[in-house]
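The structure displayed is predicted, hence computed values, not measured ones.
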Amino acid sequence: MTAIVGVHGIGKYNYYLEAGRSAAGAAEAMRAKWDRYLHVALGGEARPYFSEVAYFSHHLHSGKGGDEEARAGAAMDGQVQQVLVDWAKNLGVGEHVTGALKSFTGWLLDRLDGRSAAFAKLFAPEVAAYLTDAGRREKCRQSVADAIRRNRPKVVIAHSLGSVVTYETLWANPDLHVDLLITLGSPLGMRNVVFERLLPAPINGRGERPAGVRRWVNIADKDDIAAIPPNLAVSFTGIDAEELVNLDWIDFHTAEKYLGCPALDPHLRPFLA
C-alpha cells in the first residue's frame with residue numbers, strides 16, 4: 001500500500017507530555033488517531049494508512065507546560081500579540097488598531113466567542129514561535145524532512161500550521177519528492193501573518209508549488225478561521241485542485257473533521273489500490 005506521511009497542526013503539545021516527553025511516542029499516538037479519522041472518509045475495512053505523522057510541536061514550546069503556554073492572553077509577548085492582531089484583521093475584526101498591542105489583544109480575546117478565543121490562544125503563540133524564531137523553525141522543518149526521508153511517501157497530508165512547515169520543508173530540501181500533497185485548513189495564504197513571511201519569499205505576490213510536488217490539492221472548510229483565504233490559488237501557482245467544504249460550524253479546524261471529510265476520497269483513492 002502507498003505510504004502516507006501526515007504533518008500535524010497547532011495545539012498538539014499535549015501528545016508530547018502524555019508520551020513522557022517523547023516525540024516518537026507523540027507521533028505514534030497521532031498516527032493511530034489519524035488512521036481512524038481517515039477511515040471515516042474512505043470506508044471499507046479498517047487498516048493502517050499513515051506510515052508516520054511527523055511530529056514537531058515540542059520544538060515550539062519552552063517545556064514549561066502545555067496548558068500554561070496555551071493560555072496566551074495578557075501575557076503574550078509583542079510578536080505573539082502582533083500575530084493575533086494581524087490574524088484578527090483577516091477576520092474583519094480590529095481593522096483600525098489603536099493603543100498598545102497588549103490592551104487591544106486583551107479586548108479582542110474578550111470579544112471573540114469562546115471557540116474562536118480558544119483557537120486564537122493556540123494559533124498565535126505557535127505561529128509566532130515558528131515564524132519568528134529561526135532555530136525553532138529549522139528544527140520543525142528537519143522533523144518533517146526526516147519523516148519524509150524515512151518513509152519515502154507518495155502522499156503527504158499536512159494540516160493547519162503543518163502545511164506551512166511542509167511547504168517550506170519541501171522547498172528547502174529539493175531531494176524530497178511526493179506525488180500528492182494535500183493541505184487541510186491551511187493558513188499559507190494568510191496575509192500579514194504567514195504569506196509574506198514564507199521561505200522562500202513569494203515573488204510579485206505569488207508563491208509556487210514546491211518543485212518536488214507532482215500534484216497539490218487544497219481542502220478548506222468555509223468557516224475555518226485559520227484557512228484565510230480558503231482558496232490558495234489566489235496566492236500560489238501550481239494548485240491542481242481545491243475543495244471548499246462544510247465540516248462543522250463548531251469543529252471547523254480539527255484534523256478529525258478534515259481527515260473524515262469525503263472530499264479526500266477521490267484524490268486519495270488512486271493511491272490506495
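Counting heavy atoms from C-beta outward, V156 and I148 have side chains that approach closer than 4.5 Å. The closest side-chain heavy-atom distance from L60 to Y13 is not below 4.5 Å. Counting heavy atoms from C-beta outward, H39 and R47 have side chains that stay 4.5 Å or more apart. At a threshold of 4.5 Å between non-hydrogen side-chain atoms, the residues H267 and R215 count as touching. Contact of the D175 side chain with the R149 side chain is registered, since non-hydrogen atoms from C-beta on lie closer than 4.5 Å. Side-chain contact between V194 and L161 is absent, with no heavy-atom pair separated by less than 4.5 Å. Annotation: side chain of Y49 is in contact with side chain of L272 (closest heavy-atom distance under 4.5 Å). In this structure, the side chains of P153 and I4 stay at 4.5 Å or more apart for every pair of heavy atoms.
Among V217, L181, L180, the one residue that satisfies the side chain to side chain contact (heavy atoms under 4.5 Å, CB included) test with V155 is L180.
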Problem set entry | Test log, rule side chain to side chain donor-acceptor pair (under 3.5 Å), inputs Y130 and E168 | CA-CA 11 Å; Y130 180 77; E168 293 194 341; 2.6 Å; yes
Problem set entry | Derivation and outcome, side-chain contact (heavy atoms from CB on, under 4.5 Å), residues R21 and H58 | CA-CA 8 Å; R21 297 184 179 274; H58 59 307; over 6 Å; no
For this session: Take L131 and R137 through the test side-chain contact (heavy atoms from CB on, under 4.5 Å) and record every step on the way to the result.
Result: CA-CA 7 Å; L131 293 175; R137 192 176 199 160; 3.6 Å; yes
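Using a 4.0 Å cut-off between charged nitrogen and carboxylate oxygen, R214 and D240 do not count as a salt-bridge pair. Between E52 and R31 no salt bridge is recorded (no basic side-chain N to carboxylate O distance below 4.0 Å).
Closest of all the heavy-atom pairs between N90 and M190 is ND2-CG, 3.6 Å. Scanning all heavy atoms of the two residues, the minimum distance from V234 to R206 falls at O-NH1, 2.7 Å. Shown here for H253 and S160, the closest heavy-atom pair between the two residues is NE2-OG, 2.7 Å. Taking each heavy atom of I225 and I228 in turn, the nearest pair found is O-CD1, 3.2 Å. Taking every heavy atom of both residues into account, F56 and C140 meet most closely at CD1-SG, 3.7 Å. Closest of all the heavy-atom pairs between A3 and S51 is CB-OG, 3.9 Å.
Judged purely by atom type and a 3.5 angstrom limit, R141 has no side-chain atom pairing as donor or acceptor with the backbone of T169. Side chain of H8 to main chain of A27: no donor-acceptor pair is present (N/O by atom type, distance under 3.5 Å, no hydrogens or angles). A donor-acceptor contact shorter than 3.5 Å links the side chain of E196 to the backbone of N192. A donor-acceptor pair is defined here as one N or O able to donate and one able to accept, closer than 3.5 Å; such a pair exists between the side chain of N151 and the backbone of A147. Checked by atom type and distance alone, the side chain of N246 never pairs as donor or acceptor with a backbone atom of D223 at under 3.5 Å. Between the side chain of N173 and the backbone N or O of L176, no donor-acceptor pair lies under 3.5 Å.
Side-chain N/O atoms of D221 and Y258 include no donor and acceptor closer than 3.5 Å. Counting only N and O atoms by type, the side chains of E138 and H59 include no donor and acceptor under 3.5 Å apart. Between the side chains of R191 and S235, a donor-acceptor pair is found at a separation under 3.5 Å. For the residue pair S163 / S186, a side-chain donor-acceptor distance below 3.5 Å is found, with atom types taken as modelled.
Applying the 6.0 Å contact sphere to CZ of R152 captures no more than 12 heavy atoms from other residues, nucleotides or ligands.
Distance OG1/T132 to CD/Q79: 4.0 Å, rounded to 0.5 Å. Atom CZ of R136 is separated from atom CD of E126 by 10.0 Å, given to the nearest 0.5 angstrom. One distance of note links CD of E243 with CG of L184; it measures 11.0 Å at 0.5 Å rounding. A distance of 4.0 Å separates CG in N218 from CG in L232, rounded to the nearest 0.5 Å. Rounding to the nearest 0.5 angstrom, the gap separating the CD atom in Q82 from the CG atom in L84 is 9.5 Å. Atom CD of residue E256 and atom NE2 of residue H159 lie 11.0 Å apart, to the nearest 0.5 angstrom.
Relative ring orientation between Y167 and W171 is described as perpendicular, the plane-to-plane angle rising above 60° on a 0-90° scale split at 30° and 60°. Using a 30° and 60° split on the angle between ring planes, Y55 and Y16 fall in the parallel class, below 30°. Taking the six-membered ring where tryptophan is involved, the planes of W34 and F50 are perpendicular, since the angle between them exceeds 60° and thus also 30°.
Connection of Y15 to L17 is established within a shared hydrophobic cluster, with ILVMFWY side chains joined at heavy-atom distances below 4.5 Å, either directly or through further cluster members. Using a 4.5 Å cut-off between side-chain heavy atoms of Ile, Leu, Val, Met, Phe, Trp and Tyr, with links allowed through other members, L259 and V40 fall into different hydrophobic clusters.
Remark: A233 engages I239, E242 in a side-chain contact (heavy atoms from CB on, under 4.5 Å) (not counting sequence neighbours). For D265, the side chain to side chain donor-acceptor pair (under 3.5 Å) partners are R269, not counting sequence neighbours. Qualifying side-chain contact (heavy atoms from CB on, under 4.5 Å) partners for P202, counting only residues two or more places apart in sequence or in other chains: F195, L198.
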